[in-house]
Amino acid sequence: MLPCHIAIIMDGNGRWARARKLPRVAGHRAGMKTLRTIVHHAINIGLKWLTLYAFSSENWSRPADEVQCLLSLLKLFIYHDLTKLHANNVRVHVIGNRSNLAKDIIALLHQAEMLTEKNTGLDLVVAFNYGSRNEIVRAVRKIAIDIISGKITGDDITDTLLASYLDTAKIPDPDLIIRTSGEMRLSNFLLWQAAYSEFSFVPCFWPDFSVSDFEETVASFYARERRFGNLKRSDSIREVAL
Ligand code: FPP
């Protein structure tokens, strides 16, 4: 059985390019190819949820040509791949802050979600202009507005309520988070949602990440025992026996 939700931090495009004496944008273009390969593999194996960290709210501080390249790749992905994704029964979701995005990008993201909203196959979540702290701040602001308007009271605030105000309100928490390039941190990705996720840090750069790397990572996920704050199964059986 597959994990229900795999989320990926696609890291190392820049280093991949540097190692080949290429500009960083060449790394992102190569990363785009890997993205397509992994999405199609996810469709083929019947994965239910796949989240990809495509652009973080901190990425705006990169050189202008790199930011432009990432915005163009997003547009290209939607223009060129949306029909195919739709034909493959993929439902597209986008998480992240849309308020400071250009109108044409907002329209494209909306179009992708609308076109595919009734699909029942892979749920593909694109994290674009996404940062967890910003997502939590936006959620808290919406909660404050609902308290002021009397829709809810302070006593209604629980972890379930807060989760329902996040961009991921209708998305299950990730079972497995994969990060390529050997870096071992979350970089403001799904901080709330990762409370019980398993992590896999894969040494290769994202453009080199293959279907067999993906399969190996998923296989290692099964070797782990997820306890969600509970005891190991063998320990709880021993406790009951005592
Ligand atoms: C991190 O590598 C990767 C990104 C910031 C962007 C990921 C984007 C893609 C894979 C392609 C674009 C896809 C869409 C849909 C926009 P890095 O640049 O931080 O690499 P480095 O750490 O080696 O410098």
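Just so it is clear, the values below take in all heavy atoms, side chains as well, and ignore hydrogens, waters and symmetry mates. From a predicted model like this one, the values you see are computed outputs, not experimental measurements. Counting convention: from 1, in listed order, for ligands and their atoms alike. Start at 1 with the first residue, then count along the sequence.
The protein non-hydrogen atom at the shortest distance from atom 22 (O) of ligand 1 is R15 NH2, 3.0 Å. Regarding atom 11 (C) of ligand 1, its nearest protein heavy-atom neighbour is H28 O, 3.8 Å. Counting protein heavy atoms only, atom 19 (O) of ligand 1 is closest to R62 NH2, 2.8 Å. L70 O, 3.6 Å is the protein heavy atom nearest to atom 16 (C) of ligand 1. The protein non-hydrogen atom at the shortest distance from atom 3 (C) of ligand 1 is M10 O, 3.0 Å. In terms of protein heavy-atom proximity, atom 20 (O) of ligand 1 is closest to G14 N, 3.1 Å.
Residue R24 touches ligand 1 through its side chain alone, judged by heavy-atom distances below 4.0 Å. Residue L52 does not touch ligand 1, judged by heavy-atom distances below 4.0 Å. Contacts between W206 and ligand 1 below 4.0 angstrom, taking non-hydrogen atoms only, involve the side chain exclusively.
Remark: D167 engages R138 in a salt bridge, criterion side-chain N to carboxylate O under 4.0 Å. Remark: D156 does not engage K151 in a salt bridge, criterion side-chain N to carboxylate O under 4.0 Å. Using a cut-off of 4.0 Å between Lys/Arg side-chain N and Asp/Glu carboxylate O, K170 and E117 are scored as not salt-bridged.
Here's the thing with N13: one of its N/O atoms is less than 3.5 angstrom from an N/O atom of ligand 1.
For ligand 1, the atoms sitting less than 4.0 Å from at least one non-hydrogen atom of L74 are 16 (C), numbered in the order shown with element in parentheses. For ligand 1, the atoms lying closer than 4.0 Å to a non-hydrogen atom of N59 are 5 (C).
Between S181 and ligand 1 there is no heavy-atom distance shorter than 4.0 Å.
Comparing A54, G31, A17 against atom 8 (C) of ligand 1, the shortest heavy-atom distance belongs to A54.
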